[in-house]
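Below is one structure, written out as structure tokens, with a few remarks after it.
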Amino acid sequence: MRALRLHGDRDLRLEAIDAPPPPGEGEVQLRLRAVSLNHIDVWGWRGMAFAQRTLPLAVGAEAAGEVVAVGAGVTGWKPGDRAVPYGARTCGHCAACREGRDNFCENVAGVAGFHIDGFAREQANVPARLLVRVPDGVSFEEAACATVTFGTVQHMLFDNAQLKPGETILIQAAGSGIGSVAIRVAKALGCTVIATAGDDEKCARAQALGADHVVNYTEKNFSTVARRVTGKRGVDVVFEHVGATTWAGSLLSLRTGGRLVTCGSTSGVSAETNLMMIFQRQLRIFGSFGCAIRNVSDALEKMSQGILPVLDTVVPLDRFAEGLERLESRRVFGKIVVTL
């Protein structure tokens, strides 16, 4: 079968490898149909020092496919069923896993495509407990955005920031996969959305998605716009994932008692923080990493209701590297999906 494997920094090779054995007890064998690209794929491609892994490994952390075989003891799945595999290989038995907080697993073996073999291969055996069913009406390409992208948004906005109808939210980097999903989710909830982007074209596309106000952050101070839009009060929630370049402005954009939720630091991992502002204005900051399996299920349910991820580009497996280069250069609005 074909697999896209990383052999070294920026060394991706599409090659033939042995098909997996029949699924073992508790496992399901998937025929992967679509893989969605994320910044974690770019980091792995570049070669990140903190990643402990053995090369070569199959890349791809977020995917969708169909069941082709089930192992002993598996119930509820049959050949032909469509599913998305959870991207982290959790233990399933620690306190966090038992409580449904999968992204807090105490014994996680790694993230697919980054630490362990990922889903950019035609077939893979996956523990049945890590699969989520794809509803009718949701395509493989859309479903491939459910775990790392849509699930992350669900976890950020509802488990952490606890976004409520009618609130005002500032969404950073609206052209990203999670930023574009966050706009659609927040608008479906009845929120007022202020979205930022790095050029006028992306701002126009964010507005077309439903953003009430857009800010080209290369030309205007987004915190000033956030204050103006809210009558100097500040926004209720900031959806942050850019990092150093937007951090100070994101905090300034919040109202007293406002909530900032962050899941990324693509512009840098270190930023100065005015601690006096944090405690005087009683701001709340939430770190958010990944999502729980129930977030993935909720994401797919929302997709079935018409709240879909934004697809920028769909390319075949042999053009995977082109997708990574497009993502790395930030010439993207929404998601890049690879079909197998």
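FYI, the numbering just counts along the sequence from 1. None of these values were measured; they are calculated from a predicted model.
Residues Leu30 and Gln123 are not in side-chain contact: their nearest non-hydrogen atoms beyond the backbone lie 4.5 Å or more apart. Contact of the Leu163 side chain with the Ile169 side chain is registered, since non-hydrogen atoms from C-beta on lie closer than 4.5 Å. Inter-residue side-chain proximity for Lys164 and Cys191 is flagged as unmet; no heavy-atom pair is nearer than 4.5 Å. Under the 4.5 Å side-chain criterion, counting only non-hydrogen atoms from C-beta, Leu283 is in contact with Leu251.
Side-chain contact annotation: Glu106 with His93, donor-acceptor N/O pair under 3.5 Å absent. In the model, Ser253 has no side-chain atom that pairs as donor or acceptor with a side-chain atom of Ser223 under 3.5 Å. Neither side chain, Glu167 nor Thr192, offers a donor N or O lying under 3.5 Å from an acceptor on the other. With 3.5 Å as the limit, one finds no donor-acceptor pair spanning the side chains of Thr339 and Glu141. When only modelled atom types and interatomic distance are considered, Ser288 and Asn160 share a side-chain donor-acceptor pair under 3.5 Å. Asn295 and Asp159 are linked by a side-chain donor-acceptor pair at a separation below 3.5 angstrom, with hydrogens and angles left out of the test.
Under the 4.0 Å criterion applied to side-chain N and carboxylate O atoms, Arg133 and Asp136 are not assigned as salt-bridge partners. Comment: Asp312 engages Arg326 in a salt bridge, judged by a side-chain N to carboxylate O separation of less than 4.0 angstrom. Salt bridge annotation for Glu62-Lys335: present, with a cationic side-chain nitrogen under 4.0 angstrom from a carboxylate oxygen. Between Arg2 and Asp318 there is no salt bridge, since no side-chain nitrogen of the basic residue lies less than 4.0 Å from a carboxylate oxygen of the acidic one. Note on Asp11 versus Arg13: salt bridge recorded, some NZ/NE/NH1/NH2 to OD/OE distance being below 4.0 Å.
Shown here is Glu201, whose CD atom has no more than 12 heavy atoms of other residues, nucleotides or ligands within 6.0 Å. For Gln282, the CD atom is loosely surrounded, since the number of other residues' heavy atoms within 6.0 Å does not exceed 12. Applying the 6.0 Å contact sphere to CD of Glu99 captures more than 12 heavy atoms from other residues, nucleotides or ligands. Residue Glu25 qualifies as open at atom CD: its count of foreign heavy atoms under 6.0 Å is 12 or below.
Note that CD of Glu122 is 8.5 Å distant from CZ of Arg33, once rounded to the nearest 0.5 Å. The CE atom of Met156 lies 12.5 Å from the CZ atom of Phe289; values are rounded to the nearest 0.5 Å. Taking CD of Glu322 as the start and CG of Leu37 as the end, the distance is 11.5 Å to the nearest 0.5 Å.
Hydrophobic clustering keeps Val148 apart from Val242 (ILVMFWY residues linked when any side-chain heavy atoms are closer than 4.5 Å, directly or through intermediates).
Counting only residues at least two apart or on different chains, the ring-ring contact (aromatic ring centres under 6.0 Å, His included) pairs with a member in residues 226-268 are Phe239-His241.
Pairing each heavy atom of Cys291 with each of Thr147, the nearest pair is SG-O, 3.3 Å. Listed here is the closest heavy atom pair of Ala161 and Val237: CB-CG1, 4.0 Å. For the residue pair Asn107 and Cys91, the shortest heavy atom distance occurs at ND2-SG, 3.6 Å. Heavy atoms only, all atoms of each residue included: Ile17 and Ala3 are closest at CD1-CB, 3.5 Å. Between Ile183 and Ala174, the shortest heavy-atom distance links the atoms CD1-CB, 3.7 Å. The heavy-atom pair separating Ala173 from Thr196 by the smallest distance is N-OG1, 3.1 Å.
Of the possible donor and acceptor atoms, none in the side chain of Thr149 sits under 3.5 Å from a partner among the backbone N and O of Ala146. Distance alone, capped at 3.5 Å, places no donor-acceptor pair between the Ser297 side chain and the Arg294 backbone. In terms of modelled atom types and a separation under 3.5 Å, the side chain of Arg5 and the main chain of Val59 share no donor-acceptor contact. Using modelled atom types, no side-chain atom of Gln154 and backbone atom of Gly151 make a donor-acceptor pair closer than 3.5 Å. Counting only distance, with no hydrogens or angles, the side chain of Gln29 and the backbone of Asn125 share no donor-acceptor pair below 3.5 Å. Asp102 places a side-chain N or O within 3.5 Å of a backbone atom of Ile293 that can act as its donor or acceptor partner.
Listed by chain and number, the residues in a side-chain hydrogen bond (donor to acceptor under 3.5 Å, both in side chains) with Arg228 amount to none (sequence neighbours excluded).
Of the listed residues (Val153, Val185, Val181), just one forms a side chain to side chain contact (heavy atoms under 4.5 Å, CB included) with Lys302, and that residue is Val185. The residue from Leu157, Ile178, Val193 that alone fulfils the side chain to side chain contact (heavy atoms under 4.5 Å, CB included) condition with Ile171 is Val193.
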Step-by-step side-chain hydrogen bond (donor to acceptor under 3.5 Å, both in side chains) determination, Gln172 to Ser250: CA-CA 9 Å; Gln172 298 286 16; Ser250 289; 2.9 Å; yes
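By the 6.0 Å and 45° rule, Arg259 does not stack over the aromatic ring of Phe286.
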